[in-house]
K.L.:
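Attaching a single structure in structure tokens format; questions to follow.
In what follows, chains are A, B, ... by sequence order, proteins preceding strands, each numbered from 1.
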Amino acid sequence: MKDAVVTRFAPSPTGFLHIGGARTALFNWLYAHHFGGKMLLRIEDTDRERSTQAAIGAIIDGLQWLGLDWDGEPIFQFARAARHAEVARQMLAEGKAYECFATAQELTDMRERARAEKLPPRYDGRWRDRPAADVEAARTAGLKAVIRLKAPQDGETIVEDRVQGRVVFPNKDLDDTVLLRSDGTPTYMLAVVVDDHDMGVTHIVRGDDHLTNAARQTHIYQAMGWSVPVMAHIPLIHGSDGAKLSKRHGALGVDAYRALGYLPAALRNYLVRLGWSAGDREIFTTQEMIDAFDLPQIGRSPARFDFAKLENINGLYMRAMPDDDLLKALIDTLPHLEHGAALAAKLDASLLAQLRAAMPGLKERAKTLVELLDGARYLYADRPLPLEPKAKELLDGGGRAHLVALLPRLESLSQWNASASEAIVRAYSEEIGAKLGQVAQPLRAALTGRTTSPGVFDVLETLGREESLSRLRDQTKN
RNA sequence: GCGACCUUCGUCUAUCGGUUAGGACGGCUGCCUUUCACGCAGCAAAGAGGGGUUCGACUCCCCUAGGUCGCGCCA
């Protein structure tokens with residue numbers, strides 16, 4: 001196996017793992033697995049002001065929840081600062097970089113002047129070819145220097161991108177990037193290149209907001225005589241109105257998706273089809289995804305995030321999941337769900353068995369775990385059940401009489417199961433010449449407090465004789 | 001302002017010069033039915049605009065419009 005594929009996911013820990021980052025991670029993960037390679041994780045924490053431990057935790061937790069594992073230990077970029085500085089000094093020594101003593105004020109003025117003249121705001125290279133004497137003078141005057149790359153000024157830099165195609169940047173449009181800050185810490189631009197090189201990254205798959213950075217980074221690779229990895233800049237995800245993804249549009253941390261009751265496998269399936277396709281195929285197992293995934297099928301246009309489709313896919317996954325697995329997923333997710341604590345508090349062996357028995361009827365009525373939890377509420381609600389307005393109307397509007405008539409018949413049942421109760425109820429409705437629904441709906445209202453639920457006869461069975469009859473008596477009393 | 005990239009049903013997409021422009025979500029009809037769902041059947045819905053090239057353009061080229069991203073001693 002020559003040239004094994006090595007990809008990396010390189011988030012900066014300044015916030016949670018958002019949905020766009022999750023998709024980037026997924027693409028890197030799929031690509032690495034498709035070619036039997038590795039995906040590395042690098043935490044880009046060089047911004048000491050904004051990087052937080054909490055964000056690092058959120059990112060790692062998010063990746064783990066999504067099932068996107070990485071090879072080896074995560075690399076922390078800040079820990080490699082000395083290596084980055086060493087490379088910068090090497091470039092300085094080789095004349096590939098130079099010291100620049102321009103002050104922050106000078107740079108601001110430079111930009112403002114450019115803006116006023118409607119020119120692109122760029123560094124003008126004022127320290128690029130200064131005589132050594134000037135540099136000495138500045139240093140003895142106590143000025144602090146940054147190290148800037150001596151980037152090519154003529155010709156063009158070509159990024160052969162596997163998604164964007166051949167993108168040409170005239171070098172005159174790119175200025176001399178800062179490599180090392182005046183306090184001696186490396187910039188992102190330098191750190192990324194050095195780390196990707198040192199980590200043996202062969203394929204860089206990242207958001208296309210980095211496309212112009214790719215040209216600047218290419219200059220650094222060239223200055224160091226390193227080979228440039230394969231680049232693939234994938235389009236960003238947009239909100240439903242086409243604008244930048246905002247909170248309202250789904251730019252939430254992946255933990256929010258967990259709290260909304262989405263299954264990681266479903267979210268993965270939704271995300272992989274956002275900007276990538278394999279013919280008409282919509283649903284993939286993880287292995288199928290790995291087998292089918294490759295860079296050429298990634299589109300170049302940004303995709304909009306669509307909750308409706310995510311819900312649909314999640315519902316599909318829930319229905320396809322074995323009942324035991326789905327129940328486990330629900331129980332495991334309880335701590336993250338809004339009303340999860342109520343169920344968790346009452347969860348014992350018998351409730352667990354009831355949930356398991358009700359699962360077939362429950363899962364086809366839910367698109368998320370939140371809906372599944374809500375649908376299961378009748379199983380563990382306290383008597384007397386609170387009635388939804390429509391359920392109350394149903395009982396008050398004549399439904400109660402049916403319950404009164406049905407109660408003794410149900411009480412006399414020798415076998416308590418769905419088919420036995422169904423026979424009783426059907427016989428009764430035929431007797432009085434009513435449609436089954438006219439009788440079944442009041443029953444449902446009394447048993448669940450609602451007008452919608454799984455089939456009433458299944459409800460009777462899973463609730464059990466005592467609980468069912470008690471709930472019916474509660475409603476016939478008044 | 002400059003630069004890069006993007007533009008097929010409302011949304012995600014297929015199409016790699018010749019198709020009644022296909023699928024999925026959502027929407028709407030209907031069937032099933034004890035409710036709600038599920039399932040099934042069906043319907044509506046698209047090549048941004050304008051020029052070329054070509055026997056023939058969604059597909060290739062140019063222009064326009066719109067959108068996104070980038071232009072820090074942030075990442």
Side-chain angles (χ1 to χ4, degrees), chain A residues 10-14 44-47 49-51 77 100 102-104 107-108 111 114-123 144-148 159 161 163-165 167-170 173-175 177-183 185-189 191-192 207-213 215 233 235-236 238 240 242-244 270 273-283 299-313 315 319 361-367 371 375 390 394 422 425-426 429 435-441 443-445 448 450-457:
Chain A
S12 55
T14 53
E44 309 216 315
D45 56 350
T46 54
D47 184 340
E49 296 290 305
R50 298 195 299 152
S51 296
Q77 193 158 57
C100 166
T103 62
L107 295 174
T108 307
R111 262 177 233 117
R115 198 190 311 276
E117 292 174 42
K118 297 186 188 300
L119 290 170
R122 271 185 219 106
Y123 175 67
K144 292 280 193 181
V146 299
I147 295 181
R148 282 183 187 271
V159 175
D161 193 274
V163 171
Q164 304 291 333
V167 188
V168 179
F169 296 89
D173 293 342
L174 274 8
D175 56 10
T177 315
V178 172
L179 265 17
L180 211 60
R181 287 186 272 257
S182 53
D183 65 0
T185 60
T187 60
Y188 160 81
M189 212 62 78
V192 168
D208 70 5
D209 50 337
H210 286 289
L211 188 56
T212 44
N213 289 338
H233 288 88
L236 268 15
H238 288 176
S240 51
K244 188 183 168 74
Y270 174 71
R273 284 285 291 102
L274 221 48
W276 174 85
S277 63
D280 285 341
R281 187 120 205 211
E282 299 280 352
I283 302 299
R300 272 186 284 196
S301 55
R304 301 180 184 204
F305 193 87
D306 181 14
F307 272 107
K309 186 141 187 172
L310 207 210
E311 282 219 340
N312 172 271
I313 291 178
R319 269 172 270 132
L362 252 23
K363 72 179 181 184
E364 71 180 21
R365 289 170 173 76
K367 290 201 163 77
E371 290 179 8
K390 279 182 185 168
L394 212 49
E422 178 165 2
V425 175
R426 279 191 188 276
S429 60
K435 287 187 140 186
L436 185 55
Q438 291 176 263
V439 182
Q441 279 302 86
L443 262 181
R444 186 190 318 282
T448 69
R450 298 179 168 188
T451 54
T452 66
S453 79
V456 257
F457 307 116

K.L.:
Assuming nearest nucleotide by heavy-atom distance, tell me which of A:Glu422 and A:Gln77 is located more 5' along RNA chain B.
P.N.:
A:Glu422
K.L.:
My understanding is that a pair needs two contacts under 3.5 Å, Watson-Crick or G-U wobble. By that rule, which nucleotide pairs with B:rA57?
P.N.:
none
K.L.:
Counting heavy atoms from C-beta on, name the nucleotide in B:rC69, B:rC12, B:rA75 closest to the side chain of A:Glu282.
P.N.:
B:rC12
K.L.:
Could you tell me how far apart A:Leu274 (CG) and B:rC25 (P) are, to the nearest whole angstrom?
P.N.:
16 Å
K.L.:
Both distances under 3.5 Å, Watson-Crick or G-U wobble: report the partner of B:rU20, or none.
P.N.:
none
K.L.:
For A:Arg304 and B:rA46, what is the distance between atoms CZ and C1' respectively, to the nearest whole Å?
P.N.:
14 Å
K.L.:
Rounded to whole angstrom units, what separation is found between the CG atom of A:Leu236 and the C1' atom of B:rA75?
P.N.:
14 Å
K.L.:
How would you label the contact of A:Arg450 with the nucleic acid (heavy atoms, under 4.0 Å): base, sugar-phosphate, or nothing?
P.N.:
nothing
K.L.:
Give the nucleotide from the list B:rC73, B:rC12, B:rA4 with an atom nearest to the side chain of A:Val167.
P.N.:
B:rA4
K.L.:
Looking at every strand, decide which applies to A:Ser301 at a 4.0 Å heavy-atom threshold: base, sugar-phosphate, or nothing.
P.N.:
sugar-phosphate
K.L.:
When the P atoms of B:rC61 and B:rC6 are considered, how many whole Å apart are they?
P.N.:
11 Å
K.L.:
Would you say A:Arg50 places a side-chain N or O within less than 4.0 Å of OP1 or OP2 belonging to B:rA75?
P.N.:
no
K.L.:
Heavy atoms only, 4.0 Å cut-off, all strands: where does A:Gly375 land among base, sugar-phosphate and nothing?
P.N.:
nothing
K.L.:
Out of B:rC5, B:rA75, B:rA37, which has the shortest distance to the side chain of A:Gln164?
P.N.:
B:rC5
K.L.:
Among B:rC73, B:rA37, B:rU35, which nucleotide sits nearest the side chain of A:Ser182?
P.N.:
B:rC73
K.L.:
Are A:Pro454 and A:Arg365 side-chain neighbours, meaning at least one heavy-atom pair lies under 4.5 Å?
P.N.:
yes
K.L.:
Compare side-chain N and O positions of A:Asn213 against OP1 and OP2 of B:rG70 and report whether any pair is under 4.0 Å apart.
P.N.:
no
K.L.:
Can you tell me how far P in B:rC12 sits from the matching atom in B:rC69, rounded to whole Å?
P.N.:
16 Å
K.L.:
In Watson-Crick or G-U wobble terms, both distances under 3.5 Å, what is the partner of B:rA65?
P.N.:
B:rU7
K.L.:
Should A:Lys367 be listed as having a side-chain N or O under 4.0 Å from OP1 or OP2 of B:rC38?
P.N.:
yes
K.L.:
Let me confirm one number: the CG-NE2 distance from A:Asp209 to A:His233, rounded to the nearest 0.5 Å.
P.N.:
8.0 Å
K.L.:
Roughly how many Å is it from CG in A:Asp280 to P in B:rC9, rounded to a whole number?
P.N.:
17 Å
K.L.:
Work out how far the P atom of B:rU7 is from that of B:rC40, and round it to whole angstrom.
P.N.:
33 Å
K.L.:
How long is the straight-line distance from CD of A:Gln164 back to CZ of A:Arg300, given to the nearest 0.5 Å?
P.N.:
6.5 Å
K.L.:
Have a look at A:Thr46 and say if it touches a base, only the backbone sugar-phosphate, or nothing, with a 4.0 Å heavy-atom cut-off.
P.N.:
sugar-phosphate
K.L.:
For B:rU34 and A:Arg444 - does any side-chain N or O of the residue sit under 4.0 Å from the phosphate oxygens OP1/OP2?
P.N.:
no
K.L.:
Could you tell me how far B:rA45 sits from B:rG10 if I compare only their C1' atoms? Round to whole Å.
P.N.:
9 Å
K.L.:
Does any non-hydrogen side-chain atom of A:Val178 lie less than 4.5 Å from one of A:Met189?
P.N.:
no
K.L.:
Should the pair A:Glu282-A:Arg273 be classified as a salt bridge under the 4.0 Å nitrogen-to-oxygen rule?
P.N.:
yes
K.L.:
Using the C1' atom in both, what is the distance from B:rG72 to B:rG67, to the nearest Å?
P.N.:
25 Å
K.L.:
Between B:rU33 and B:rA44, how far is it from one P atom to the other, in whole Å?
P.N.:
28 Å
K.L.:
For A:Lys309 and B:rC25, give me the distance from atom NZ to atom P, rounded to whole Å.
P.N.:
7 Å
K.L.:
May I ask you to say what A:Val178 touches in the nucleic acid, namely base, sugar-phosphate or nothing, with a heavy-atom cut-off under 4.0 Å?
P.N.:
sugar-phosphate
K.L.:
For this output row, return yes or no: ring centroids of A:Phe307 and A:Tyr270 closer than 6.0 angstrom.
P.N.:
no
K.L.:
Nearest whole angstrom, please: distance from the C1' of B:rG70 to the CG of A:Leu174.
P.N.:
11 Å
K.L.:
Base, sugar-phosphate or nothing for A:Thr452? Non-hydrogen atoms, less than 4.0 Å.
P.N.:
base
K.L.:
Over all strands shown, is A:His210 touching base, sugar-phosphate only, or nothing at heavy-atom distances under 4.0 angstrom?
P.N.:
base
K.L.:
Could you say whether A:Pro454 or A:Leu107 is positioned toward the 5' end of RNA chain B, judged by the nucleotide with the nearest heavy atom to each?
P.N.:
A:Pro454
K.L.:
Would you kindly give the CG-to-C1' distance between A:Leu179 and B:rA75, to the nearest whole Å?
P.N.:
15 Å
K.L.:
Look through every strand shown and name the nucleotide pairing with B:rC36 as Watson-Crick or G-U wobble, where both distances are under 3.5 Å.
P.N.:
none
K.L.:
Strictly below 4.0 Å: does A:Arg300 bring a side-chain N or O up to OP1 or OP2 of B:rU7?
P.N.:
no
K.L.:
Using purine N1 to pyrimidine N3 plus N6-O4 or O6-N4 for Watson-Crick, or N1-O2 and O6-N3 for G-U wobble, both under 3.5 Å, which nucleotide pairs with B:rG42?
P.N.:
B:rC28
K.L.:
Does B:rU34 have OP1 or OP2 sitting under 4.0 Å from an N or O in the side chain of A:Arg426?
P.N.:
yes
K.L.:
Let me know the distance between CG of A:Asp209 and P of B:rC5, rounded to the nearest Å.
P.N.:
16 Å
K.L.:
Quiz question: going by heavy-atom distance under 3.5 Å, is there a donor-acceptor pair between the base of B:rC71 and the side chain of A:Thr212?
P.N.:
no
K.L.:
Roughly how far, to the nearest 0.5 Å, is CG of A:Leu394 from CG of A:Leu443?
P.N.:
10.0 Å
K.L.:
Please check: side-chain N/O of A:Ser12 versus main-chain N/O of A:Asp45, any donor-acceptor pairing under 3.5 Å?
P.N.:
no
K.L.:
Between A:Asp183 and A:Lys144, is the closest basic N to carboxylate O distance under 4.0 Å?
P.N.:
no
K.L.:
OP1, OP2 of B:rC36 versus side-chain N and O of A:Ser453: anything below 4.0 Å?
P.N.:
no
K.L.:
In terms of side-chain heavy atoms of A:His238, which of B:rA75, B:rA37, B:rU68 is nearest?
P.N.:
B:rU68
K.L.:
Just checking A:Phe457: base, sugar-phosphate only, or nothing, at a heavy-atom cut-off of under 4.0 Å?
P.N.:
base
K.L.:
When all nucleic acid strands are considered with a 4.0 Å heavy-atom cut-off, which category describes A:Val146: base, sugar-phosphate, or nothing?
P.N.:
base
K.L.:
Within the structure, does a side-chain N or O atom of A:Arg122 lie under 4.0 Å from either OP1 or OP2 of B:rG70?
P.N.:
no
K.L.:
Under 4.0 Å between any heavy atoms, over every strand shown, what does A:Arg281 touch: base, sugar-phosphate, or nothing? Just pick one.
P.N.:
nothing
K.L.:
Write down the partner of B:rG1 under the Watson-Crick or G-U wobble criteria, each distance required to be under 3.5 Å.
P.N.:
B:rC71
K.L.:
Identify which nucleotide among B:rG23, B:rC6, B:rC12 has an atom closest to any side-chain atom of A:Pro302, counting heavy atoms from C-beta outward.
P.N.:
B:rC6
